[in-house]
Each structure stands twice: as structure tokens, then as C-alpha cells.
Amino acid sequence: MEYILAAISLGFLGSFHCVGMCGPIALALPVHQQSAPRKILSILAYNSGRIITYTLFGALFGMIGQSFALFGYQQKLSIIIGSLILIALLIPKRLINTLPVSTWFYRLLNTLKHNLYLQFQKRGITSFLSIGLLNGLLPCGLVYMGIAGAVATGSVLKGMLFMAVFGVGTLPFMFAISYTSHLVTMKTRNIIRKSMPVVIGIMAVLLIFRGLNLGINYISPKLMEDKPMPNSTSHKHLNCCHKN
């Protein structure tokens, strides 16, 4: 149950960060000339697209977490992910941009932006859904935190649920800024964006605590490390020895 609470909290509190990162897309949705019912439907289609993408991420990374859990490495993985997030926060952005992978990354990003532009030229409900699906693929520190949480669940189903609930948590605020574009000023969005590394850092520390197995409810619950099951050959060997 604690992973559901963590997901909804991360989504709801982190949605203020979305104002700074995803806000420009949400504010630019071509819905302001539509009737109220059509406007609501369009905004819901956009946000549904985001949540669908997040849920698919949850399934993929939950599967990765499940693989580690089967070999008894779930807690170690949680510590590693939390540590990597903290390290990423400390690395200057200009240094990251010099890495060879950054060229490939920005090429992919430009492709996503081009496809978003094409969808913005349309007005159908499916185009709003497509904008949401593509928006979910854009780089976002908050989504990365959600993905880390999905991996830490150690389950495909729980990973999907974690990311779906995370997406639903962002819905109220994201819906509001799309429906009332004047809700948050640019100055406020910039302040929220600058404060987000602190939020990400706190979540990274919580992931590390979760892996430390300290027995603290909701923060570091006591978990039993999974042990690999002996194979059938070993069972047969033991049974033969017992008979002899």
C-alpha cells in the first residue's frame, strides 16, 4: 500500500514541477476557442495520453525491477538507483551535454518535438491524445523519479499501477492549467522549476533508505531478500541421498 501512497504523493506534489516543464505544452493546447464540454474532453484526452505512456513505462521498468527481485537484489537496486539520481543532480548540465550520447539524445528530442508540432496543427480528439502520448516521452526529472519508483516495486503489475497512479496524481493541476491558462505566471513556474532538484534529491534519499531495510514503516520497511530457489535437479539429488 505504501507504494500507492508514494506514487500519488509524487504525482500530486510533483505536478507543480510540471507547470515549469510541461506547462508550456499544456498552456499551448488549442482548446481555448472550443465549447466547455469539448474543451474538457480535449484536455482529458491529452492527459490520458500522458498517463498511458507513463503506465507503459511502469510495465517496462517494473519488469526490470522484477528481474532483480527474483535474484534477491531489489533492495540493492533501490540503493543504486537513489545514488545514481543524487550523482546526476550533482553533475553540471554542461558536462552532460559533452557526452557522446547527448548527440543521439538531442536528435531523438528534436524528432519528438517535430511530431508534437504536427499534432498541434490538428484539432481532433485523437490529436490531443497523441500530444499526450508524445509528451510522456519528453525528458522530465519527475518522470524519471516515477520510473525509479516503478523499478523499486519489483513487479510488472505494481510498476504499471505505480506509474498510472503517479500520472493520475498530476491530473488535477495539469487539467487546471490547461483549462485556465492564466493560473500560474511565468515567474512562479521558474521558481517551481528551480526548486525541483530539491524534491528529486529527497525522493532519491528515500529510495536509498528503502533499500537499507531499516524497518521504518512507509520509509524503509523491513523486506525479506528473495533467495534463488534450488533447481529440480538439486531436489532429485537430495531425495536420492535421503533414500540411500
Which value, rounded to the nearest 0.5 Å, describes the distance between [X] atom [atom1] and [Y] atom [atom2]?
X	Y	atom1	atom2	answer
Ile25	Lys113	CD1	NZ	9.0 Å
Leu171	Tyr46	CG	OH	10.5 Å
Phe57	Phe162	CZ	CZ	14.5 Å
Leu129	Ile52	CG	CD1	5.5 Å
Gln119	Leu134	CD	CG	6.5 Å
Ile43	Gln34	CD1	CD	8.0 Å

Is there a donor-acceptor pair closer than 3.5 Å between any side-chain N or O of [X] and the backbone N or O of [Y]?
X	Y	answer
Lys39	Tyr179	yes
Asn135	Ile131	no
Thr53	Leu137	no

Would you sort out whether Arg50 and Asn47 count as a side chain to side chain donor-acceptor pair (under 3.5 Å), showing the intermediate values? CA-CA 5 Å; Arg50 290 192 306 109; Asn47 284 286; 2.7 Å; yes
Side-chain heavy-atom pair [X], [Y] within 4.5 angstrom cut-off:
X	Y	answer
Leu138	Leu116	yes
Thr111	Asn115	yes
Phe120	Leu29	yes

Tell me whether [Y] is reachable from [X] by hopping between hydrophobic residues (I, L, V, M, F, W, Y) whose side-chain heavy atoms are closer than 4.5 Å.
X	Y	result
Leu109	Ile147	yes
Val168	Leu161	no
Tyr144	Met63	no
Leu108	Val143	yes

Check the surroundings of atom CD in Gln33: do more than 12 heavy atoms from other residues, nucleotides or ligands lie under 6.0 Å from it? no
Closest non-hydrogen atom pair, [X] against [Y]:
X	Y	answer
Gly58	Met163	CA-CG, 3.4 Å
Val31	Ser42	CG1-CB, 3.8 Å
Gly49	Leu133	O-CD2, 3.3 Å

Show, in sequence, the C-alpha distance, side-chain angles and deciding distance for Ile40 and Phe175, and conclude whether the side chain to side chain contact (heavy atoms under 4.5 Å, CB included) test is met. CA-CA 9 Å; Ile40 291 173; Phe175 183 92; 4.1 Å; yes
Ser48: side chain to side chain donor-acceptor pair (under 3.5 Å) partners, not counting sequence neighbours: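 Testing Ser48 for side chain to side chain donor-acceptor pair (under 3.5 Å), a comparison that skips the adjacent residues, returns none.
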